[in-house]
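Comments concern the structure below.
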Amino acid sequence: MAEKITMPRLSDTMTDGKVSKWNVKVGDPVKEGDVLAEIETDKAVQDFEYDGDGGVLLYQGVKEGESSPVDTLLAIIGQEGEDISGLIEGGVSQTSTSNTTEKKNEPQTQETSQPAASIPEGVEIISIPRLSDTMTEGKVSKWNINVGDQVNEGDVIAEIETDKAVQDFEYDGNGGTLLYQAVKEGDSAPIDSLLAIVGPQGTDVSGVIKNGGSVSASTTPKTSEQPENKIFPTSSNENKNSISSDNKRIFASPLAKKIANDKGIELAQIQGSGDNGRITRKDVENFVPATSSSTPKVSTTKPSSPAVTLQVTPGVDTETPNSSMRNAIAKSLSNSLFTAPHYNLVFEINMDNAIQARKAINSLPDTKVSFNDMVIKSVAVALRKHPQINSSWTDSKIIHHGNINIGVAVAVEDGLVVPVIKNTDYLSLSQISSSVKDLAGRARDKKLKANEMDGSTFTISNLGMFGVESFNSIINQPNSCILSVGAINQKPIVKDDQIVIGNTMNISLACDHRVVDGATGAQFLQTLKLYLENPVSLLA
């Protein structure tokens, strides 16, 4: 009996899913635990595992690159040769539409369907990718490969500006020649619209261009299937990372290798969840490093203050078009301020002991941590004791996050980005320092990846380096709180019934009253104050 597989709901806010990649072709055997496809939700791309009795994949209801609502027909699994025409007719009306014209009473198969304008053999259509949850269009900042150049898997063909950052766009196809660029440098186009065409040199693609790329890349026939143990093009560091200490090859997806390399994580430390222990992107992102693990790689780019490019002539009004990032900031912060009932709690912290502790830590060889690093570590440990702070509001429930992922607000030329330090409570001060320097440097260079700005459970904004003594921030939703950190100033304080000169720092916690009550926020700040005023307590 054939089994219908529907589009799963992989997140609380998911309404439809996009098939980023099919891992199993029509006609392939499927068993329980196999990853059928990679599904892109409104938050991330996730592996979708089959949990049925097994069989053969008889039908794919959604093509690669296309979307379909939750609970609509995704695939059919049954016995080879089984008649599934009735199931297809019952479920196809719910799936996303294609450019293929078919009769309702004729069985359709994924392998033989052809678009209205056929694609020449070996030609691949590349669309503008969705590189962030809020992205609606992409701007080509730079083409790294010209028409006529050879393209290989892993090549960065262009730099795409989203509403959050400029990101490298890697080609992951079978290779060929870049035949056409649909978007010029500096121009924008909606997501999923035609970006480029790759194929054999000399291939006529005028028909595809004439149609405006209406034929999606997902309908492109694949000339060969990539074997599981294929060695993907990697850098020398990544090649080293693909061999374990006992000289056994480590199987990992190209994206997993790249993320692990960027984060300085050895693949040998990660337990893969894919077929034959293959390491996926999810495995790398969810990996919790041991305290003795090496620190992440530090960007060689020296952080600098955002450049001021605005030129104003006295008596002359000028205009600056809103960038994608500025529009996104305006939308998200307005939504946060007008939907979440904010209130602020302010504490004054005595930083005398923290100053002495930092001086002792930085006296160690090759070690340099900042007060901001100490704040991040203290917040992470305090959040573990106060899980209500590490929560998010939804209309039907409050989500208490198991991981502590702290976002650090970084000012860039176009606005503000919030890179995320994953599993912060498991990191040492040195590891936090390296991560912050790396992420902040790449944020200012617009080199952050989308997954490096997603998944925060708490945010810290520090304007102390600019001399700001105290301020209140707007909550970075879906977080329930954000901590504002001011400058350290010398002032008279009372200590042991004596007036002495002390070093104090003001912090302000903005809370969403739907999740965090005043007493809960105050208790969290009391714990945070304890850690900052007595840094040795972080070791307890």
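Being a predicted model, the structure only gives us computed values, none of them experimental.
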Heavy-atom closest contact (Val516 atom, Ser480 atom, distance): CG2-CB, 4.2 Å
Closest heavy-atom pair and its distance - Ser473, Ala510: O-CB, 3.5 Å
Side chain Ser378, main chain Met374, donor-acceptor under 3.5 Å: yes
Heavy-atom pair of closest approach, residues Ile460 and Val485: CG2-CG2, 4.0 Å
Separation of Phe458 CZ from Ile389 CD1 (nearest 0.5 Å): 7.5 Å
Donor-acceptor contact present, side-chain Asn350 to main-chain Thr504, <3.5 Å: no
Over 12 foreign heavy atoms within 6.0 Å of CG, Asp517: yes
Audit row: Lys31, Asp34, salt bridge (Lys or Arg N to Asp or Glu O under 4.0 Å) steps and yes/no: CA-CA 6 Å; Lys31 62 181 183 300; Asp34 286 351; 3.2 Å; yes
Side-chain heavy atoms of Ile126 within contact of Tyr171, under 4.5 Å: yes
Sub-4.5 Å side-chain heavy-atom contact between Lys377 and Tyr531: no
Close side-chain approach of Leu195 to Val140, heavy-atom, < 4.5 Å: yes
Residue among Thr367, Asn372, Asp373 satisfying side-chain hydrogen bond (donor to acceptor under 3.5 Å, both in side chains) with Ser433: Asp373
Stepwise side-chain contact (heavy atoms from CB on, under 4.5 Å) test for Val379 and Ile406: CA-CA 9 Å; Val379 166; Ile406 295 184; 3.8 Å; yes
Sidechain-backbone polar pair: Thr72 side chain, Pro69 backbone, donor-acceptor under 3.5 Å: yes
Pair His401, Ser391: side-chain N/O donor-acceptor within cut-off below 3.5 Å: no
Side-chain touch Val375/Leu483, heavy atoms, less than 4.5 angstrom: yes
Verdict with supporting geometry, Thr527 and His386, side chain to side chain donor-acceptor pair (under 3.5 Å): CA-CA 9 Å; Thr527 303; His386 300 275; 2.7 Å; yes
Flag if over 12 foreign heavy atoms under 6.0 Å of CD, Glu49: yes
Beyond-backbone contact of Asn423 with Ile404, side-chain heavy atoms, under 4.5 angstrom: no
Lys/Arg N to Asp/Glu carboxylate O, Glu452 vs Arg442, below 4.0 Å: yes
Donor + acceptor pair across side chains of Ser456, Asn405 (<3.5 Å): no
Candidate pair Ser461 and Thr459, rule side-chain contact (heavy atoms from CB on, under 4.5 Å), full reasoning: CA-CA 7 Å; Ser461 179; Thr459 304; 5.6 Å; no
Lys368 to Asn362 - nearest heavy-atom pair and separation: CA-OD1, 3.1 Å
Test item: Ser508 side-chain N/O and Asn472 main-chain N/O as donor-acceptor pair under 3.5 Å: no
Minimal non-hydrogen separation, Val515 against Ile398, with atom names: CG1-CG2, 4.0 Å
Arg358 side chain to Val369 backbone, donor-acceptor under 3.5 Å: yes
Beyond-backbone contact of Met505 with Glu348, side-chain heavy atoms, under 4.5 angstrom: no
Donor-acceptor pair, side chain of Lys18 and main chain of Ile39, under 3.5 angstrom: no
Member of Val19, Val30, Leu74 meeting the side-chain contact (heavy atoms from CB on, under 4.5 Å) criterion with Leu36: Val30
Val62 backbone acceptor or donor facing Trp22 side chain under 3.5 Å: yes
Atom of Leu416, atom of Ala409 and distance for their closest heavy-atom approach: CD1-CB, 4.0 Å
Mutual orientation of the aromatic rings belonging to Tyr343 and His513 [parallel < 30°, tilted 30-60°, perpendicular > 60°]: tilted
Distance, nearest 0.5 Å, that separates OG1 of Thr6 from CG of Leu73: 8.5 Å
Main-chain N/O of Ala340 paired with His342 side-chain donor or acceptor, under 3.5 Å: yes
Distance in Å, Met7 CE paired with Thr15 OG1, rounded so as to fall on 0.5 Å steps: 11.0 Å
Nearest-0.5 Å distance, CD of residue Gln60 to CD1 of residue Ile5: 12.5 Å
Euclidean distance, Asp425 CG relative to Arg384 CZ, rounded to 0.5 Å: 4.5 Å
Atom pair CD1 (Ile432) and NZ (Lys437), whose distance is rounded to the nearest 0.5 Å: 12.5 Å
Side-chain donor/acceptor of Asn390 to backbone N/O of Asn403, under 3.5 Å: yes
Main-chain N/O of Val536 paired to Asn534 side chain as donor or acceptor, under 3.5 Å: no
Salt bridge (Lys or Arg N to Asp or Glu O under 4.0 Å) between Asp445 and Lys447, worked out: CA-CA 5 Å; Asp445 292 337; Lys447 297 296 183 182; over 6 Å; no
Sub-4.5 Å side-chain heavy-atom contact between Val410 and Pro419: yes
Check: Asp192 and Pro190 side chains under 4.5 Å, non-hydrogen atoms: no
